[in-house]
Amino acid sequence: MPRTLAPMKVVTTTLTVVTRDRLELQDLTDQIAGLPGVEEITHGFVLLHSLHTTASLLINEWQDALLHDIKAMLRRLVPEEGVYRHNDPTYSDCNRGNAWSHLAALVLKPQLTVPIEQGRLVLGTWQRVLFCELDGPQTRRIYAQVMGV
């Protein structure tokens, strides 16, 4: 007997994130949970993708001491005042002096996928969807695609 599969729903949107500091974390969880289409999905996911090479997305806890530690870790791994060819006009046409931002973004990632069940994001008790600005202040865009049945 042939089965009929439910049609997959796909809703795309672009979120705007305005940042104030060079290195900044923002909690986007509630904004993501309220995306168009999330409530209609029984089983699916939301794909989030930063449209910038100096901004990243992550899932972690939103707690002041931890946010401080995340920033400190990034600065330890990639010293902001390091000597980088990307900042040197002899080697690069970039005048922003933002090599640190590009290199710190390599430690993180530009995209996330979060499961959706019964119209709700599937996140652990302390998990939050965080946006990490590495070259602010800026106005940033995040492509969001909600998919499922």
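Residue indices begin at 1 and follow the sequence shown.
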Self-check item: Same apolar cluster (I L V M F W Y, side chains within < 4.5 Å links), Val10/Val46
Solution: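 Unlinked, Val10 and Val46 end up in two clusters.
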
Self-check item: Shared hydrophobic cluster for Leu66 and Leu25 (ILVMFWY, side-chain gaps under 4.5 Å)
Solution: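 Same cluster: Leu66 reaches Leu25 through Ile, Leu, Val, Met, Phe, Trp or Tyr contacts under 4.5 Å.
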
Answer whether the closest heavy-atom distance between the side chains of [X] and [Y] falls below 4.5 Å.
X	Y	result
Cys132	Lys71	no
Arg22	Glu80	yes
Phe131	Thr19	yes
Ile41	Val11	no

Which donor-acceptor pairs under 3.5 Å do side chains of residues 106-121 form with protein atoms, sequence neighbours excluded?
from, atom 1, to, atom 2, distance (Å)
Glu117, OE1, His43, ND1, 2.6
Glu117, OE2, His43, ND1, 3.3

Side-chain donor-acceptor pairs under 3.5 Å in residues 142-149, sequence neighbours left out?
from, atom 1, to, atom 2, distance (Å)
Tyr143, OH, Gln145, NE2, 3.1

Euclidean distance, [Y] [atom2] relative to [X] [atom1], rounded to 0.5 Å:
X	Y	atom1	atom2	answer
Ser50	Leu15	OG	CG	11.0 Å
Asp135	Thr53	CG	OG1	8.0 Å
Arg141	Thr14	CZ	OG1	6.5 Å
Asp64	Asp69	CG	CG	11.0 Å

Quiz item: Any donor and acceptor pair, going by atom type alone, linking the side chain of Gln26 with main-chain N or O of Val18 inside 3.5 Å?
Solution: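 Side chain of Gln26 to backbone of Val18: a pair is present.
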
Quiz item: Would a distance-only check, ignoring hydrogens and angles, find a side-chain to backbone donor-acceptor pair under 3.5 Å from Ser92 to Asn87?
Solution: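 Answer holds: no.
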
Which pairs of donor and acceptor atoms, one on a side chain in residues 54-62, lie under 3.5 Å apart (sequence neighbours left out)?
from, atom 1, to, atom 2, distance (Å)
Thr54, OG1, Arg140, NH2, 2.8

Quiz item: Who passes ring-ring contact (aromatic ring centres under 6.0 Å, His included) against His68, sequence neighbours left out?
Solution: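 ring-ring contact (aromatic ring centres under 6.0 Å, His included) list for His68, sorted by chain: empty.
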
Exercise. Could you tell me which residues satisfy side chain to side chain donor-acceptor pair (under 3.5 Å) with Gln31, sequence neighbours excluded, listed by chain and number?
Key: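 Side chain to side chain donor-acceptor pair (under 3.5 Å) check on Gln31 returns nothing, list empty.
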
Self-check item: Selection residues 100-124 - residue pairs positive for ring pair (Phe, Tyr, Trp, His ring centres under 6.0 Å), sequence neighbours left out
Solution: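 Residue pairs passing ring pair (Phe, Tyr, Trp, His ring centres under 6.0 Å), neighbours aside: His86-His102.
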
